[in-house]
Amino acid sequence: MKIAFAGKGGVGKTTLAAWTADLLARQGKSVWLVDADTALSLGQASGLAVGALPQPLILREDLIRERIGFGVIDLNPTVDDLPEKLCVELPCEGPGRKRLLVMGTVTGAGGGCACGPNALLKALLSHIVLDRDEWVLVDLEAGVEHLGRGTIQGVDALVVVSEPSHRGLETAASIGRMAADLGLENQVLALNRFAGGEIPALPGLPGTVMNLPFMPGLAAKQLADASVLGLPESEQVDRLVMQLLTALATGAKAQAA
Ligand SMILES: Nc1ncnc2c1ncn2[C@@H]1O[C@H](COP(=O)(O)OP(=O)(O)OP(=O)(O)O)[C@@H](O)[C@H]1O
Ligand SMILES: [Mg+2]
C-alpha cells in the first residue's frame, strides 16, 4: 500500500509518517519512506543523524540528465534501479526494514524548468507503487503544491493531517477535494493535538476522522532530539497508528467493492 501524508505546515505530517513506518517495520514489513518535503526531516524524525541523510534526488542533476535527457523529455524514464541506489537504511528495531528516499522539492529546483526532475520523481513514485509489493509512505511538502503537480497519482490512500482550527481545516478540506478530483478517495483526517469540540462540516474534509492527542513526552523529547520514536507514549502511538491503518484498509476495501 502506498500512503501519502499531506496538510498545512507544522501539523504533524512527518511525525505521523515516521510513527507509521516504525510500527510497520516492527511488524516485519518492508517500508520505503519517501521524503518529498523541503525540510528533509523524515530521516531525522526516524532517528537518522543529519550527516547520514542521502543527497536529495532533485539535486542529482547527473541522474536527471542521464534518465530524462536534454531537450525532449523522456516521460517514461528507467527508474527500476534508483530506489536501491539512492536509499539510506534507517535504524529499525524489528524484523522489517525502513529505507529512506529523499526527493527534495521540485519548486526549489532553481527557477528553471522543473519538468525533468518532476518527470523523474513521478516515475520513481509510480514505479515503487506498481512494481513492488511493499509499503510506501510519502511525506509531502506542506500545502497543496504536490497535489497540483499530480505527484501523488498512483497513491492508494491519503492521510490529511490538521490542527483542529478553522483555517487549518479549510486547508485540509482543499487537499481532500483536490485529491478526490485526482481519484484518490480513500482518505483519513488525522486531527492532531485535538482536545475536543465540534468539527465544522467543510466540503472536502475526509469523512473518516481520527484524533491524535497532544503528547507531552514527544514535546519534551523534541527539545533535545529530532527523533519522534522511543517516547513514553509509544504504546499509545502504536494503538493510534493501528487505528489509522485499519481505517485506510477499510477505505481500500470499500473502494474495491
Ligand atoms: N501530538 C503531538 N504532541 C506533541 N508534539 C507534537 C505532536 N504532533 C507533532 N508534534 C511536534 O510538532 C512539531 C511539528 O511536527 P511535524 O514536523 O511532524 O509537522 P509537519 O507537518 O511535518 O511540519 P512541516 O510542514 O514543517 O514539514 C514537531 O516538533 C513534532 O514533534
Ligand atoms: Mg514535515
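All residue numbers in this chain count up from 1 along the given sequence. Indexing begins at 1, ligand by ligand and atom by atom, following the structure's order.
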Enquirer: Using a 4.0 Å heavy-atom threshold (strictly under), name the region of Gln222 that reaches ligand 1: side chain, backbone, both or neither.
Expert: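 Side chain only.
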Enquirer: Counting each atom of ligand 1 from 1 as listed, which ones have a heavy atom of Val11 under 4.0 Å away?
Expert: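 Near Val11, the atoms of ligand 1 are 19 (O), 20 (P), 21 (O).
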Enquirer: Evaluate whether atom CD of Glu89 has more than 12 neighbouring non-hydrogen atoms of other residues, nucleotides or ligands under 6.0 angstrom away.
Expert: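 Result for CD/Glu89: enclosed.
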Enquirer: What part of Asn192, side chain from CB on, backbone N/CA/C/O, both or neither, has a heavy atom under 4.0 Å from ligand 1?
Expert: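 Asn192 to ligand 1: side-chain contact only, backbone stays beyond 4.0 Å.
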Enquirer: Which ligand 1 atoms does Gly12 reach within 4.0 Å, using its non-hydrogen atoms?
Expert: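 In order of numbering, the contacting atoms are 15 (O), 16 (P), 18 (O), 19 (O), 20 (P), 21 (O).
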Enquirer: Could an N or O of ligand 1 be found under 3.5 Å from any N or O of Gly9, whether backbone or side chain?
Expert: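 No, no N or O pair falls under 3.5 Å.
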Enquirer: Does Phe214 share a hydrophobic cluster with Trp19, counting links as ILVMFWY side-chain heavy atoms below 4.5 Å and allowing steps through other members?
Expert: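 Hydrophobic grouping puts Phe214 apart from Trp19.
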Enquirer: Ignoring angles and geometry beyond distance, decide whether Lys13 reaches within less than 3.5 Å of ligand 1 through its nitrogen or oxygen atoms.
Expert: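 Between Lys13 and ligand 1 (N or O atoms, distance only) the closest approach is under 3.5 Å.
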Enquirer: Is Glu93 salt-bridged to Arg26, going by a charged N under 4.0 Å from an acidic O?
Expert: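 A salt bridge is absent here (no side-chain N lies under 4.0 Å from a carboxylate O).
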Enquirer: Rounded at 0.5 Å granularity, tell me how far NZ in Lys13 sits from CG in Asn192.
Expert: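 Here the rounded value is 10.5 Å.
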Enquirer: Mind checking whether Leu202 and His166 have side chains closer than 4.5 Å, heavy atoms only?
Expert: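 The answer is yes; the side chains approach within 4.5 Å.
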Enquirer: Would Val228 and Gln222 count as a side chain to side chain contact (heavy atoms under 4.5 Å, CB included) if you check the C-alpha gap in whole Å, the side-chain angles of each, and the deciding distance to 0.1 Å?
Expert: CA-CA 7 Å; Val228 301; Gln222 295 286 281; 3.7 Å; yes
Enquirer: Linking I/L/V/M/F/W/Y whenever their side-chain heavy atoms sit closer than 4.5 Å, directly or via other members, would Trp135 and Met242 fall into one cluster?
Expert: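 Result: yes, single cluster for both.
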Enquirer: Considering the heavy atoms of Met215, write down every atom of ligand 1 situated less than 4.0 Å from one of them.
Expert: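 Every atom of ligand 1 under 4.0 Å from some heavy atom of Met215: 1 (N), 2 (C), 3 (N), 4 (C).
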Enquirer: Counting each atom of ligand 1 from 1 as listed, which ones have a heavy atom of Ala142 under 4.0 Å away?
Expert: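 Answer for ligand 1: 25 (O).
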Enquirer: Heavy-atom contact under 4.0 Å between Pro213 and ligand 1?
Expert: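 Heavy atoms of Pro213 do come under 4.0 Å of ligand 1.
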Enquirer: Give a yes or no on whether the backbone of Glu170 and the side-chain of Lys8 come within a donor-acceptor separation of less than 3.5 Å.
Expert: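 Side chain of Lys8 to backbone of Glu170: no pair is present.
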Enquirer: Quick one: which ligand 1 atoms are inside 4.0 Å of a heavy atom on Thr15?
Expert: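 Ligand 1 atoms under the 4.0 Å threshold to Thr15: 9 (C), 15 (O), 16 (P), 18 (O), 30 (C), 31 (O).
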Enquirer: Going by the side-chain contact (heavy atoms from CB on, under 4.5 Å) test, name the single residue among Val11, Leu212, Leu169 that passes it with Leu191.
Expert: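 For Leu191, the side-chain contact (heavy atoms from CB on, under 4.5 Å) test succeeds with only one of Val11, Leu212, Leu169, which is Leu169.
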Enquirer: How about Thr14: does one of its N, O or S atoms come closer than 2.8 Å to the Mg ion (ligand 2)?
Expert: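 An N, O or S atom of Thr14 is closer than 2.8 Å to the Mg ion (ligand 2), so yes.
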Enquirer: List every atom of ligand 1 that sits less than 4.0 Å from any heavy atom of Phe214, numbering the atoms from 1 in the order shown and giving each element.
Expert: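 Going through ligand 1 atom by atom, the ones under 4.0 Å from Phe214 are 1 (N), 3 (N), 4 (C).
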Enquirer: Please work out whether any backbone atom (N, CA, C, O) or any side-chain heavy atom from C-beta onward of Ser41 is under 4.0 Å from ligand 1, and answer side chain, backbone, both or neither.
Expert: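 Under 4.0 Å from ligand 1, Ser41 contributes no heavy atoms.
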